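Reviewing the structure listed below.
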Amino acid sequence: KDLQIGARRAILNDISPIAYHISKIFNSNLDVPTLDNVLVDFKKSINKEVGELYKTEYKGNKYSFNYLVWSEMLLCNSCDSELNYHHLTSDYENNTFSEILICPKCGTKQKRTEANPLKETVYDEYLNTTIEQIKYVPVHINFSANKKRLNKRPDEQDFKLAFSDLTNENDKYVPINSIIVGDKSSDPFRVGVRNIHQFYSPRIRFFLKTYLSLVNSEKYKPYNDFLIFTLTAILPKLTRMNRYMPKHGSRALVGPMANTLYIPPMYVENNPLDQLDFQANKILKAFVSNHSQNIGQIGSATNLVNIPDSVIDYVFIDPPFGANIMYSELNQITESWLNLKTNNKEEAIENKSQHKGKFDYQNLMLKAFRELFRILKPGKYMTVQFSNTSAAVWNTIQNSMNQSGFIISNVITNDNTRGGLHAMLGPTAVKQNLIINCFKPIEIITHENASNSNSIIDITFELLRHLPISV
């Protein structure tokens, strides 16, 4: 008989609340036609509330802008005059962009890092106190008119709208918790950002709290999960971490710097209504099949106490790799809008701020692999995605898998080519992304049976049965 793929019933486990939130929605049985109508209506509602804030005037007509650029302000290191970083380095007419600022007052040439940051003291209405921060101002607007993209410098009305964040009853939806002091926190601290809400420009904060007030209204409450999911999809495009690099021309919007909390000297305020429209349409297209039989849970793989022994048919794991990515630190911005945060006690990473070194990482990975070994059925497979170039991390992963009882059957690269096992399992075999396939043996090797010749023969035959066959 022809082989058929059976129903997939998966347990989706992650220590991160935002990862759980994403998997929960993607594995829900959604009524796409109904949600399509809801999104159309919701976009009309949010546009009615904030649409005018994202318009600019040009030759007597109003146009929705695509994005606005904010620039860091500096002080000349010679005469202390104010320097607008964007205006002094970006010449769009002649298509020239320089790293050198020339002070209009004294003529001193200096790099941005040689000038002094201009700091200002402002009143933070969310914290009800004054804060010191580096001064940023609106400097450049990109908008569409008559099917053309045009640019302009912000006028007085544009300045006024850019700082529109009216205090109202919706302030309760804005997370104001302090940033976790960690390996990545020095970047936002440099510009005076110490709380989550400060990662967003004023007008974006107003959009976000208005969005959440609508989501929690009686009209849209039945669709709360999906609308929050859509919000989390656009949040990365709304932070002050989105870099603007005009020297790249049409590709000037280069997005956030990967795996950091870096706020650049020039950042982009994207039009959130455009982002909502783009992401909402993309999300709905993704729900082409029903995975509602899958379940999700928040938790560490080091403690899967709710899953009995030897009941899982297959495990796929894409674990953290040493100090590669500081997940809980980076996720705190988005997770704050869910009013949840990662419990990083069992987060398997190397992190100085969490006082976790290589030994701590190895112990956490070993605990996780032992739990995965426990719940997997004998003779069944686990696949490990490996994405790191550190030989030490590679050795840690291999040792942890072996110590927990798994037997590695083969290792392949992401381009579907395969080397010899010794070449792929060597201490320096980390030049590219790897897929490690291993299995839980039917007979577990112990000190008692390790010297038993029959056990050794049985295990050898089992290993041979699990090796891939090339035709």
Side-chain angles (χ1 to χ4, degrees), residues 54-59 63-120 133-145 148-163 187-188 190-193 199-204 237-258 260 262-271 274-275:
Y54 291 91
K55 290 184 178 179
T56 188
E57 191 169 321
Y58 177 71
K59 293 184 177 180
Y63 300 94
S64 294
F65 70 72
N66 302 311
Y67 61 85
L68 176 141
V69 178
W70 293 72
S71 174
E72 180 179 358
M73 296 295 290
L74 303 162
L75 291 174
C76 174
N77 61 18
S78 179
C79 69
D80 241 16
S81 295
E82 287 194 16
L83 306 176
N84 187 308
Y85 177 59
H86 172 269
H87 291 347
L88 294 175
T89 58
S90 305
D91 183 350
Y92 296 93
E93 286 187 10
N94 298 308
N95 198 34
T96 56
F97 305 95
S98 173
E99 295 298 323
I100 303 298
L101 299 88
I102 302 176
C103 177
K105 186 174 181 180
C106 70
T108 299
K109 294 181 180 180
Q110 57 208 290
K111 293 181 180 179
R112 182 185 69 85
T113 53
E114 294 171 340
N116 299 312
L118 173 55
K119 296 183 179 180
E120 61 178 358
Q133 62 183 16
I134 288 181
K135 184 178 180 179
Y136 282 79
V137 296
V139 292
H140 181 78
I141 293 177
N142 179 275
F143 64 101
S144 297
K148 291 182 179 179
R149 283 201 168 220
L150 302 172
N151 299 305
K152 63 171 280 193
R153 281 199 178 179
D155 55 34
E156 186 178 344
Q157 180 65 8
D158 294 321
F159 263 81
K160 182 180 178 181
L161 292 175
F163 289 93
D187 285 331
R190 180 192 73 84
V191 300
V193 170
F199 274 98
Y200 303 88
S201 56
R203 182 169 36 192
I204 291 295
K237 288 290 186 180
L238 303 185
T239 72
R240 295 171 60 192
M241 295 186 290
N242 285 276
R243 294 168 295 163
Y244 180 70
M245 303 177 73
K247 64 182 179 181
H248 294 314
S250 60
R251 294 178 295 172
L253 310 188
V254 293
M257 186 179 290
T260 71
Y262 175 66
I263 295 177
M266 289 191 286
Y267 70 82
V268 176
E269 178 185 341
N270 287 302
N271 186 328
D274 291 345
Q275 295 297 320

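Values in this document were obtained by computation on a predicted structure and should not be read as measured data. Values below: every heavy atom of this structure, side chains too, minus hydrogens, waters and symmetry copies.
Not counting sequence neighbours, the partners of Arg153 by the side chain to side chain contact (heavy atoms under 4.5 Å, CB included) test are His87. Residues satisfying the side-chain hydrogen bond (donor to acceptor under 3.5 Å, both in side chains) criterion with Tyr244, sequence neighbours excluded, are Tyr92.
Summarising the geometry, atom CG belonging to Asn271 is positioned 10.5 Å from atom CG belonging to Leu68; distances are rounded to the nearest 0.5 Å. Distance check: Thr113 OG1 to Glu99 CD gives 9.0 Å after rounding to the nearest 0.5 Å. Here CD of Glu57 is found 11.5 Å from CD1 of Ile141. Values are rounded to the nearest 0.5 Å. The CD atom of Glu72 sits 4.5 Å away from atom OH of Tyr136, with the distance rounded to the nearest 0.5 Å. Atom-to-atom distance recorded for Lys135:NZ and Ser71:OG is 11.0 Å, nearest 0.5 angstrom. Atom CD of Glu114 and atom OG of Ser78 lie 12.0 Å apart (nearest 0.5 Å).
Between the Lys105 side chain and the Glu82 main chain, no donor and acceptor come within less than 3.5 Å of each other. Looking only at distances, a side-chain donor or acceptor of Asp155 sits under 3.5 Å from a matching main-chain atom of Gln157. For the pair Asn116 (side chain) and Asn77 (backbone), a donor-acceptor distance under 3.5 Å is absent. Proximity of a side-chain donor or acceptor of Asn242 to a complementary backbone N or O of Tyr267 within less than 3.5 Å is not detected.
Put simply, the residue from Tyr63, Phe143, Phe65 that forms a ring pair (Phe, Tyr, Trp, His ring centres under 6.0 Å) with Tyr54 is Phe65. Checking each of Leu83, Ile102, Leu74 against Gln110 for a side chain to side chain contact (heavy atoms under 4.5 Å, CB included) leaves exactly one that passes, namely Leu83. The side-chain hydrogen bond (donor to acceptor under 3.5 Å, both in side chains) with Glu269 is formed by just one residue from the set Trp70, Tyr200, Tyr67; it is Trp70.
For the 3.5 Å distance criterion, the side chains of Asn66 and Ser144 qualify, holding a donor opposite an acceptor. With 3.5 Å as the limit, one finds a donor-acceptor pair spanning the side chains of Gln133 and Glu120. For the residue pair Thr56 / Asp158, a side-chain donor-acceptor distance below 3.5 Å is found, with atom types taken as modelled.
Among all heavy-atom pairs drawn from Ala162 and Pro202, the shortest one is O-CB, 3.8 Å. Summarising the geometry of Leu238 relative to Asn270, their closest heavy-atom pair is CD2-O, 4.4 Å, with the distance given to 0.1 Å. Summarising the geometry of Arg243 relative to Met257, their closest heavy-atom pair is NE-N, 3.5 Å, with the distance given to 0.1 Å. The shortest heavy-atom contact between Arg190 and Ile263 is NH2-O, 3.5 Å. Across Ser90 and Phe97, no two heavy atoms sit closer than the pair CA-CD2, 3.6 Å.
Under the 4.5 Å side-chain criterion, counting only non-hydrogen atoms from C-beta, Asn151 is in contact with His140. With contacts defined as side-chain heavy-atom distances shorter than 4.5 Å, the pair Ser81/Cys106 does not qualify. Counting only heavy atoms from C-beta outward, the side chains of Ile100 and Lys111 approach each other to under 4.5 Å. For the pair Met266 and Tyr85, the minimum side-chain heavy-atom distance is below 4.5 Å. Under the 4.5 Å side-chain criterion, counting only non-hydrogen atoms from C-beta, Tyr262 is not in contact with Pro256.
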Margin query: Go through it in stages, so that I can follow the logic: the residues are Lys152 and Asn142, the test is side chain to side chain contact (heavy atoms under 4.5 Å, CB included), and I'd like the CA-CA distance, side-chain angles, deciding distance and then a yes or no.
Written below: CA-CA 7 Å; Lys152 63 171 280 193; Asn142 179 275; over 6 Å; no
Next item on the list: Test Asn84 against Val139 for side chain to side chain contact (heavy atoms under 4.5 Å, CB included), laying out the working first.
Entry: CA-CA 9 Å; Asn84 187 308; Val139 292; 3.5 Å; yes
